[in-house]
Protein chains: 2
Amino acid sequence: MSLRIKDVASQAGVSVATVSRVLNNSNSVKPETYEKVLQVIKEMQYKPNAIARSLKVKNTKTIGIMIPDISSYFFPEVVRGIEDVANMYDYNIILCNTDLNRDKEQKYLQVLTEKQVDGMIFMSNIITKELGAKLKSLQIPVVLVSTDYEDLPAVTIDNHEASKRMIEYLIEKGHDRIGMITGKEDDPIAGISRIEGYKKALQDRGREIDCSLIVAGDYRFNSGYQGGKKLLTLSQRPTAIFAASDEMAFGVIKAAAELKLAIPTEIAIAGFDDIDMSQKIVPSLTTIAQPMYNMGAVGMRLLTKILNGEDIETTKIVLDYSLVERETS
Amino acid sequence: MSLRIKDVASQAGVSVATVSRVLNNSNSVKPETYEKVLQVIKEMQYKPNAIARSLKVKNTKTIGIMIPDISSYFFPEVVRGIEDVANMYDYNIILCNTDLNRDKEQKYLQVLTEKQVDGMIFMSNIITKELGAKLKSLQIPVVLVSTDYEDLPAVTIDNHEASKRMIEYLIEKGHDRIGMITGKEDDPIAGISRIEGYKKALQDRGREIDCSLIVAGDYRFNSGYQGGKKLLTLSQRPTAIFAASDEMAFGVIKAAAELKLAIPTEIAIAGFDDIDMSQKIVPSLTTIAQPMYNMGAVGMRLLTKILNGEDIETTKIVLDYSLVERETS
DNA sequence: TTGTACGCGTTATCAA
DNA sequence: TTGATAACGCGTACAA
């Protein structure tokens, strides 16, 4: 078994209380004693047991992250942002992949609270009334990232406006028939908002909305590919396609390539997210850049403020996006 | 404050021992009592405190993962594999990004052991003697993934052979001048092995090794781009380039595009890893497929075996790779 | 089948 | 400036 605090205490000829004091460098310990104890700790290679400590102090310095899937493109960078500031404030992160599965979600929520995480960052599934209630009833602070619900703290971007902006840009580029591959239609954030933004931009310019130009996707490559095929084989095909995620936009690029359509001359393509790959592929992708790293970092920072009881101006943070013009448009 | 076990005990009119028994469904508790207690637990929404439990039973059901950076392309899928089987065996994962930084590595090692993780998966930095010794001296089981060191448990692929195989394939395709963009030259696994495989394949066919065709990279896009530029502007340029990572291969593709070289007719390109994007870009990338998800899953499975004291045939697991022929060759 | 009571390794209170 | 000792919430002898 490992060493305990009492082992170093007896070795150093002091009480456990004193050792504990130097460990948490609370004042009121004579410099000489302090040095002595530190010495012994080093010699014995004593490592405090954080579990025992947690039991006593009632915090664990760990937070939980719930995401759909770390292996999809959007999340790694967000998680990186979270981890960086978590690390800065001496928190560790427990990573949970929910696969948008309510049961896994439920289970993780349970074990995270059993494991007494100090807080949670949630960016998983669409937040139903039931889930929202659950999240609120937890005795644990939760920060939402890239999603929103009632009065829960959240960091987002203005999806509606961003989407609208992209369409306006496309219109300015002279496109008349603009197709869209949407996100999930029951997703208020990345789904509905972006569709509405698309429609709004068109309506503001007095244009008709042609439903045949809107096809449903699920953010993933394959739905973009299928949707692209569909749109691009229309008798009157669009001259531009806006996909609600970069990954779907890649699918459209593939579809266009198979149909031997030149990008952007015969078909312009735009995405949403600005995942790392978007600038690396040929042709590089025009897209709406979400500050993914920052969404994570800011979300985690907000969480630390809540945990420290710091003053917070607002619990609803809206970050800036930007339109990045590249080679596909 | 939250409910404690004694609260449900008194509410159910039994002792804490009995509640504990139904919680851990140890036998020897009368069915009626069992039901009763379960009922009360549900009613009161009692959630056991895993920290207190851990202190007693001396395990935490959590493991640590050390990786360089979750936001680079190789790792998310490996982590996903780990998390899936961890979840299967009721473990949670604490994710640590080291950035290949010895200090962060050191720090994480310390907090992971303080937090009493049951085991660790390590796939970070090159393992120096010092680090190796440290890893071994930990009282915690460690499994290496995509790296190796002395007698530590490890899951890898045969990098040397895989690299050799790719070059042989390129030679069979009729390529005479094959360039390579390498990994790090102090990395015995993904660096040196792949370089050696390249050389071996050439030598086996009685070919000269032209050092001007070998340029150093660091697995990342930009080094591939730079290396590609260099190789492709040689007076006698290669007809094929093999990059030691897919991300670097993407850089080569970009370089080729800028030089208006047709792929694969004027320049064939091959990568290593088979990250998800490689099949999605246009043209899709010929590459060596590493079973990333499985490397994580198998590594974690091995760790659970070690933790459960199960019989293990071998602690050195070598997984199969495959050559995936796509449009860039 | 059930209950009492001790111990897990800390921190913190209170006295000295 | 220090030390004894009571918590923290749970599991598990041991006794009943």
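Here the structure is a predicted model, which means the values were calculated and not measured. Naming convention: chains lettered A, B, ... in sequence-line order (proteins, then strands); numbering from 1 in each chain.
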Salt bridge or not between [X] and [Y]? Use side-chain N to carboxylate O under 4.0 Å.
X      : Y      : value
B:K107 : A:D90  : yes
B:R53  : A:E114 : no
B:E105 : B:R102 : yes
B:K316 : B:D148 : yes
A:K30  : A:E35  : no
B:D99  : B:K104 : yes
B:K61  : B:D118 : no

Practice task
Assign each of B:L55 and B:Y34 to its nearest nucleotide of DNA chain C by heavy atoms, then name whichever residue's nucleotide is nearer the 5' end.
Solution key: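 Closer to the 5' end of DNA chain C: B:Y34.
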Handout entry: Closest-nucleotide ordering on DNA chain C, the 5'-leading residue of B:V29 and A:V57
Key =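 Checking each residue's closest nucleotide, the 5'-ward one belongs to B:V29.
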Practice task
State, without any angle test, whether A:D84 and A:Y293 hold a side-chain donor-acceptor pair at a distance under 3.5 Å.
Solution key: yes
Have a look at [X] and say if it touches a base, only the backbone sugar-phosphate, or nothing, with a 4.0 Å heavy-atom cut-off.
X     : answer
A:Y46 : sugar-phosphate
B:I5  : sugar-phosphate
B:S54 : nothing
B:K56 : base

How many Å lie between [atom1] on [X] and [atom2] on [N], as a whole number?
X      : N      : atom1 : atom2 : result
B:Q116 : C:dT10 : CD    : C1'   : 11 Å
A:K115 : D:dC10 : NZ    : P     : 16 Å
A:R21  : C:dT13 : CZ    : P     : 11 Å
B:K58  : D:dC10 : NZ    : P     : 17 Å
A:K6   : D:dA6  : NZ    : C1'   : 16 Å
A:D7   : C:dG9  : CG    : P     : 9 Å
B:I51  : C:dG9  : CD1   : C1'   : 13 Å
B:E114 : C:dT10 : CD    : C1'   : 12 Å

N/O (side chain, [X]) to phosphate O (OP1/OP2, [N]) under 4.0 Å:
X     : N      : value
B:N49 : D:dC8  : no
B:T33 : C:dT2  : yes
A:S20 : C:dT11 : yes
B:T18 : C:dG3  : yes

Practice task
Report the end-to-end axis angle of the helix from C:dT1-D:dA16 to C:dA16-D:dT1; each axis comes from five terminal pairs, and the value is rounded to 10°.
Solution key: 40°
Problem - A:S15, nearest nucleotide to its side chain (from D:dA4, C:dT2, C:dG3) - result: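 Out of D:dA4, C:dT2, C:dG3, the nucleotide with an atom closest to A:S15's side chain is D:dA4.
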Exercise for the section: Just compare C:dG9, C:dT10, D:dT1 and give me whichever is closest to any side-chain atom of A:K30. Expected result: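 Nearest to the side-chain atoms of A:K30, counting from C-beta on, is D:dT1.
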Practice task
Map A:A52 and A:V14 onto DNA chain D by nearest heavy atom, then report which one ends up closer to the 5' terminus.
Solution key: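 Nearer the 5' end of the strand: A:V14.
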